[in-house]
Number of protein chains: 2
Amino acid sequence: MDIHPAIGRVIRRFETRAPLTDLDLAAIRALPFTYRTLDAAAYLIREGEPPENCALLLSGFAYRHKVTGEGERQILSVHMTGEFLDMQNSFLDVADHNVQALTRMEVALVPVPALRRLVETHPLVGRAMWIDTLIDSAIFREWIVNVGRRDALSRLAHLLCEFALRLEAAGLAADRRYELPMTQEQLADATGLTAVHINRVLKELGRLGLITRDKRAVEIIDWDRLRSVGDFSARYLHIDGGTPTVLAPAR
Amino acid sequence: MDIHPAIGRVIRRFETRAPLTDLDLAAIRALPFTYRTLDAAAYLIREGEPPENCALLLSGFAYRHKVTGEGERQILSVHMTGEFLDMQNSFLDVADHNVQALTRMEVALVPVPALRRLVETHPLVGRAMWIDTLIDSAIFREWIVNVGRRDALSRLAHLLCEFALRLEAAGLAADRRYELPMTQEQLADATGLTAVHINRVLKELGRLGLITRDKRAVEIIDWDRLRSVGDFSARYLHIDGGTPTVLAPAR
DNA sequence: CGCAGTAACTAACATATGTTAGGTATGGTG
DNA sequence: CACCATACCTAACATATGTTAGTTACTGCG
């Protein structure tokens, strides 16, 4: 059985987070994946449901969100090719938020019990996955700051910086250019603003010469100023990963 | 060596999250704790520092926060007796936020390498801790929603509901009465508002007959309405914990 | 007991962002 | 190619929350 490139990508990321053995790697590859394609807007899991599968994103984008009692949506995070979706829910009893396809996407599903068995029998894989979820947490924390304490222009600039760096770190973009597969309404829901205001602020970023946009393609013209307007520091992304005090064995 | 009651509390919580063996419990008790008392406002860890210790809160309250480039503070979470502070940082290279004492507090410090060894040799302890951090994440997500999509009255009501339930679940409060050791400025920093507005909204909650306050003591008068004003659902707290598909062995 | 520092509280005024209500472009589909 | 749905865009107006600037009430300490 040949292995999907996105799975290789995940394995490489895990290796930066914990010193995995060949047995660990084999155990990951041997997971009982089932492959599936989802249309944009399809739900992977809904709030209130018990999590049955954990999905590895093979292509496309997904996002997490919650809806308030007033019917307002808040996007909690956006996920891209090569990321494990829903370790956040898989070890808890009930999903506390929704995970939905942002674009058409391919996933490899792993039944939750198989995932639990894997991490029990392979503690280092467990640690790599744990670190993955800790980095998710770090991003959640930064989003609290973004939404709680920055004005609209900064919020959006910050979001654009984050995507640029995460996409580049994942090898999905380069040269500060990328496809941002989100509507203005979705950008609003990610920043705690309204679509109308996102529109104003997006133009403002253009007028200031920080970015250009053509449809969903974003190009960052002046990274330093965008970064400064967005009060952005990459530290919270922990792009170089996990636990430097334990080095992976040479191979 | 007698064991501190807060450590017993943690162990009991962990047992609801993974089926721990006597060996696991012994390993937790055998951690090289060093005890320390910190004054209110003392820092446990600062953003940018490499994490050296992971602290177990034996008494008192702590909080996490970040400060923006504009100098505005955003509180990210509040922690109470019996919680492990800083597993969020301990498995990453550099702390991406500050952890500070909210009140005078006692902690038991565990050196990070000892903690890492523990979870490698005792995978079930690792899983219990992982689940703890996943619940932290769930709370972070709810705070994104709170700050991003609820108005000031709801935000504060939501926060008060969360504290009531978490304190009660930890056995630190009962009858919807508790000490909330936060100034109005801190409440503002936790909700993304200003102290002036917190003051207005706090009075409004009193006027509406939802709560009373005397100094730092909060009493919830009308839980159902407070809950409804705060758009509060306890699901995200995962109070009954982790992984019900695997039951702890009878003892 | 008085002082100093911190926290609580208030009022008048300012503004960033939301709301409403549309018009215009775009892209997919029969 | 025409239609429909969706996304984008804009203007005028509304408002929740912020800002400034101060007064008052505690609390701990010398």
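In what follows, chains are A, B, ... by sequence order, proteins preceding strands, each numbered from 1.
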Collect all protein-nucleotide pairs involving nucleotides 16-18 of chain C in which both atoms are nitrogen or oxygen and the distance is under 3.5 Å.
from: dT17(C); atom 1: OP1; to: A152(A); atom 2: N; distance (Å): 2.9
from: dG18(C); atom 1: OP2; to: T194(A); atom 2: N; distance (Å): 3.2
from: dG18(C); atom 1: OP2; to: T194(A); atom 2: OG1; distance (Å): 3.1
from: dG18(C); atom 1: N7; to: R200(A); atom 2: NH2; distance (Å): 2.8

Validation: residues 171-180 of chain A side-chain donor-acceptor distances under 3.5 Å, sequence neighbours left out:
from: R176(A); atom 1: NE; to: E168(A); atom 2: OE2; distance (Å): 3.2
from: R176(A); atom 1: NH2; to: E168(A); atom 2: OE1; distance (Å): 3.1
from: R177(A); atom 1: NH2; to: E219(A); atom 2: OE1; distance (Å): 3.1
from: Y178(A); atom 1: OH; to: L160(A); atom 2: O; distance (Å): 2.8

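- A101(A) pairs by the side chain to side chain contact (heavy atoms under 4.5 Å, CB included) definition with M105(A), not counting sequence neighbours.
- Checked against side chain to side chain contact (heavy atoms under 4.5 Å, CB included), V201(A) has the following partners two or more places apart in sequence or in another chain: A152(A), L153(A), L156(A), H197(A).
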Atom pairs, protein N/O to nucleotides 25-30 of chain D N/O, distance under 3.5 Å:
from: dT27(D); atom 1: OP1; to: K215(B); atom 2: NZ; distance (Å): 3.3

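- Two end axes, each from the C1' atoms of five base pairs, can be drawn for the helix from dC1(C)-dG30(D) to dG30(C)-dC1(D); they diverge by 40°, to 10 degrees.
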When the side chains of residues 140-147 of chain A are checked against the rest of the protein, which donor-acceptor pairs come out under 3.5 Å, sequence neighbours left out?
from: R141(A); atom 1: NE; to: D96(B); atom 2: OD1; distance (Å): 3.4
from: R141(A); atom 1: NE; to: H97(B); atom 2: ND1; distance (Å): 3.2
from: R141(A); atom 1: NH1; to: Q88(B); atom 2: OE1; distance (Å): 2.9
from: R141(A); atom 1: NH2; to: D96(B); atom 2: OD1; distance (Å): 3.1
from: R141(A); atom 1: NH2; to: D96(B); atom 2: OD2; distance (Å): 3.2
from: E142(A); atom 1: OE1; to: K66(B); atom 2: NZ; distance (Å): 2.4
from: E142(A); atom 1: OE2; to: R150(A); atom 2: NH2; distance (Å): 2.4
from: E142(A); atom 1: OE2; to: H158(A); atom 2: NE2; distance (Å): 3.0
from: W143(A); atom 1: NE1; to: E162(A); atom 2: OE1; distance (Å): 2.9
from: W143(A); atom 1: NE1; to: E162(A); atom 2: OE2; distance (Å): 3.4
from: N146(A); atom 1: OD1; to: R150(A); atom 2: NE; distance (Å): 2.9
from: N146(A); atom 1: ND2; to: R155(A); atom 2: O; distance (Å): 3.3

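- Of all heavy-atom pairs between G148(A) and Q74(B), the closest is CA-OE1, 3.5 Å.
- Contacts between residues 60-69 of chain A and DNA chain C, counted as heavy-atom distances below 4.0 Å, involve no residue at all.
- Nearest nucleotide to the side chain of R213(A), out of dA7(C), dC9(D), dA7(D): dC9(D).
- Here Y63(B) pairs with H65(B) under the ring-ring contact (aromatic ring centres under 6.0 Å, His included) rule; sequence neighbours left out.
- Partners of P5(A) under the side chain to side chain contact (heavy atoms under 4.5 Å, CB included) rule, at least two apart in sequence or in another chain, do not exist in this structure.
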Side-chain donor-acceptor pairs of residues 39-53 of chain B under 3.5 Å, sequence neighbours excluded:
from: D39(B); atom 1: OD1; to: R104(B); atom 2: NH1; distance (Å): 2.3
from: E47(B); atom 1: OE2; to: R235(A); atom 2: NH2; distance (Å): 3.4
from: E49(B); atom 1: OE1; to: R46(B); atom 2: N; distance (Å): 3.4

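- Listed by chain and residue number, E106(B) satisfy the side-chain hydrogen bond (donor to acceptor under 3.5 Å, both in side chains) test with S59(B) (two or more places apart in sequence, or in another chain).
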